[in-house]
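Order of the sequence lines sets the chain letters (A, B, ...), proteins ahead of strands, with each chain counted from 1. Reckoned from all heavy atoms, side chains included, excluding hydrogens, waters and symmetry mates.
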Amino acid sequence: MLMKRRIAAMVGKAATEAQRQGALPPGPVPEIEVERPQNPEHGDFAVSLPLKLARAARMSPMAIAQRLAPLLPTEESILEVNIAPPGFLNFSVRQQWLQAQVEEVIREGERFGNLSQELPQRVQVEFVSVNPTGPVHVGHARGAVLGSGLASILAAAGHQVTKEYYINDAGAQMSAFYRSLYARYLQALGREAAMPENGYMGDYLVELGKEVASEYGERLAGMPEVEAVSATGKLGLEKMLALIRADLSSIGVTFDVWFSETSLYQSGQYQETMELLKQTGYLAQREGAIWFASTLLGEDKDNVLVRSTGEPTYFASDIAYHRHKFLAQGYDRVINIWGADHQGHVSRLKAAVGALGVEPKRLTIIISQLVTLKQGTEAVRASKRKGNIVTLRELVEEVGADACRFFFLSRSPESQMEFDLELAKQQSADNPVYYVQYAHARIASILRLARERRLNWSGGDVTLLVDPAELDIIRKMLHLPELIETMAERLEPHHLPRYAMDLATAFHWFYQQCRVVSSEPSDHAITLARLKLVDASRIVLARCLSLMGMAAPEWM
RNA sequence: GCGCUCGUAGCUCAAAUGGAUAGAGCGCAGCCCUGCGAAGGCUGAGGUCGCGGGUUCAAGUCCCGCCGAGCGCACCA
């Protein structure tokens, strides 16, 4: 059990015991929160319960702290408790316990940091889901990295996670894509063909058109137009998806499921969903269209599900998709990551999910703010239709996958960011990611040297690790499981890069302070102990890097 | 106009749940390798946490107002 939990339990018990003895007046005890003080002088953990109890108990916080402290079972020889004004209970772990944790880390190896949930959830994380009408660009990269990082963290926290990509392969945008590609294909064959209105003007479609032309020649052009458009489009869709998949996997973003919107119609799930909605009484027919009466559920307005043309809207298929997620697939929890431009869609989808009889709380939608592109001082709007986008591919080529991941992973989803490719290129050279990876490479180098000298540190005596720099690393390593817990609870992967930096700093400082591999015979024992610590540091650092989806290099 | 999100160091961003002295990277001024990787370590300068109220023992964090930015307010997705 995490030390944090143990302390919370101890304090809770002490509080009820104090009330039983009459040392504290009876009354409800608030949930006990265990914090990590910033200032090391305040120990390793802090509890501010006395401050919170003071008013109700009509006692000074210090007095409460003084009555609670003796009731805490410190004889475990793990913890030391101090009372600090204005009423904190500060806990410090004992050195021996810290030292022993080095063995613990090594024992757990690459599983270190993993949590086991009493009630593991089946969680689906759906993210990116870029329309397959064009390549992935920088804006999407943010959600992609966020989603994959979040999925790793939830899995580490003990949940069963599925990463899913929703392919919007139906609807008006897709048909515009089909027609655009068909025009480009004809043009590639040297024929006159006008681009459709609202067509996709990007160069990538010109390329795609040429590709189709070189692979299929005149064959498609010879077909009746409707069939030709459809056949060309389907080829284009497959090619586009392959491209998207490849680009995403170049920054370590992969999916377990690629779910097709069209399949909702083919499998009858769409029809079933509409039937279900009809039964709930939330459907309304008016002006020739079918509406979802979301105003009945407190929404600002109703929304069209089926246009007067008979065509379903995106909203309709999205409801069917979410019925699929919850009712067919049976996920306990679904997390969608959307760009801020879809923010207006959040509450109505939740309302619709509720109408299907699913507790809306089971659906979490994380809105990540859009990335605004900048060229010098000028803001540029990224548009797939107009074709002025910085693609993910360009970004990865210029900046590198690891730097790219670290960059996006470091920022909280709600931060609005400006992205300047020139600046990103320039910054990639001194990107903090290398600081973390350098620590790992340095460790690998130390361990290489030790092996060359035939040193076996498995019997190293951890009680020799007493230098503040050594103890600092151990303390820092032990933060990881707690961090995974809070990141999983709050769905905030962005704490991880910073933690990795902190851990690397602790290691670099240790390296500066303590000679690890020493040739002095009298240093043999401490050398083995330190090698053990270095090995443990490697494990934790590598775990961070792997959770972030980045390489843990042995050399740089 | 209404709704959602954001405003922290010169720049890019943190601050875990409301906690004790607001941090890091880059940039800037210095210092440290004749033993394990200097892509490193150390020191320093740099802040009215957009502005004004409020709640609280305690507010960058919660509430209200104002200013500013992004996004949304379709029978688009």
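Among the atoms of the strands shown, base atoms are found under 4.0 Å from some heavy atom of E554(A). Counting non-hydrogen atoms under 4.0 angstrom, D430(A) reaches the backbone sugars and phosphates but no base. L449(A) comes within 4.0 angstrom of the backbone, heavy atoms only, and of no base. Heavy atoms of T486(A) sit under 4.0 angstrom from at least one base atom. Residue V34(A) is classed as a base contact, given a heavy-atom separation below 4.0 Å to a base. Residue A46(A) is in base contact, counting any heavy-atom pair closer than 4.0 Å across all strands shown. Here L483(A) lies in heavy-atom contact (under 4.0 Å) with a base. E482(A) comes within contact range of no nucleotide atom at all, as no heavy-atom separation falls under 4.0 Å. Note on S412(A): only backbone sugar-phosphate atoms sit closer than 4.0 angstrom, heavy atoms only; bases stay farther off. Using a 4.0 Å heavy-atom cutoff across all strands shown, R515(A) reaches at least one base atom of the nucleic acid. Across all strands, D523(A) comes closer than 4.0 Å to no nucleic acid atom at all (heavy-atom distances).
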N/O to N/O distances under 3.5 Å, protein versus nucleotides 40-42 of chain B:
unit_1	atom_1	unit_2	atom_2	d
G40(B)	O2'	R442(A)	NH1	2.9
G40(B)	N2	Q512(A)	NE2	3.2
G41(B)	OP1	Y435(A)	OH	2.4
G41(B)	O4'	Q512(A)	OE1	3.2

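For E414(A), the side chain to side chain donor-acceptor pair (under 3.5 Å) criterion is met by no residue, not counting sequence neighbours. With sequence neighbours excluded, no residue satisfies salt bridge (Lys or Arg N to Asp or Glu O under 4.0 Å) with R442(A). Under the rule for a salt bridge (Lys or Arg N to Asp or Glu O under 4.0 Å), D472(A) has no partner lying at least two apart in sequence or in another chain. Considering only residues two or more places apart in sequence or on other chains, Y178(A) meets the ring pair (Phe, Tyr, Trp, His ring centres under 6.0 Å) condition with none of them. Scanning for side chain to side chain donor-acceptor pair (under 3.5 Å) contacts around R475(A) gives D44(A), with sequence neighbours left out.
With P as the reference atom, C71(B) and G30(B) are 43 Å apart, rounded to whole Å. Using P as the reference atom, C51(B) and C11(B) are 15 Å apart when rounded to the nearest Å. Only the P atoms considered, G25(B) is 23 Å distant from U21(B), to the nearest whole Å. The gap from the P atom of G60(B) to that of U55(B) amounts to 16 Å, rounded to the nearest Å. Nucleotides U8(B) and C49(B) are separated by 4 Å at their C1' atoms, to the nearest Å. Distance check on atom P: A16(B) versus G50(B) gives 15 Å, rounded to whole Å. Separating the C1' atom of C62(B) from that of A58(B) is a span of 13 Å, rounded to the nearest Å. On the C1' atoms, C32(B) is 40 Å away from G7(B), given to the nearest whole Å.
Between W338(A) and H342(A), the ring-plane angle classifies as tilted under the 30° and 60° cut-offs.
Dashed line: the shortest gap from a side-chain N or O of S445(A) to OP1 or OP2 of G37(B) is under 4.0 Å. The side chain of H42(A) places no N or O atom within less than 4.0 Å of a non-bridging phosphate oxygen (OP1 or OP2) of U21(B). At least one side-chain nitrogen or oxygen of S415(A) sits closer than 4.0 Å to the OP1 or OP2 atom of A14(B).
Residue ring and base: H342(A) does not count as stacked with G72(B) (centre distance below 5.5 Å and interplanar angle below 30° not both satisfied).
A salt bridge is defined here as a Lys NZ or Arg NE, NH1 or NH2 lying under 4.0 Å from an Asp or Glu carboxylate O, and D302(A) with R286(A) meets this definition. A salt bridge is defined here as a Lys NZ or Arg NE, NH1 or NH2 lying under 4.0 Å from an Asp or Glu carboxylate O, and D535(A) with R538(A) meets this definition.
Of the nucleotides present, G72(B) is the one that pairs with C2(B) by Watson-Crick or G-U wobble criteria, both distances under 3.5 Å. The partner of G37(B) is absent, by the rule that a Watson-Crick or G-U pair needs both atom distances under 3.5 Å. With a cut-off of 3.5 Å on both Watson-Crick or G-U wobble distances, the partner of A16(B) is given as none. Pairing for G60(B) is absent, judged as Watson-Crick or G-U wobble with the two contacts each under 3.5 Å.
Base orientation for C51(B): anti, the chi torsion being more than 90° from 0.
A straight line from CZ of R286(A) to C1' of C75(B) spans 11 Å, rounded to a whole angstrom.
Between the side chains of Y435(A) and T505(A), at least one donor N or O sits under 3.5 Å from an acceptor N or O.
Of the two residues near RNA chain B, R448(A) and G344(A), the one whose nearest nucleotide lies more 5' is R448(A).
Considering only side-chain atoms of I446(A), the nucleotide from C36(B), A15(B), C71(B) that sits closest is C36(B).
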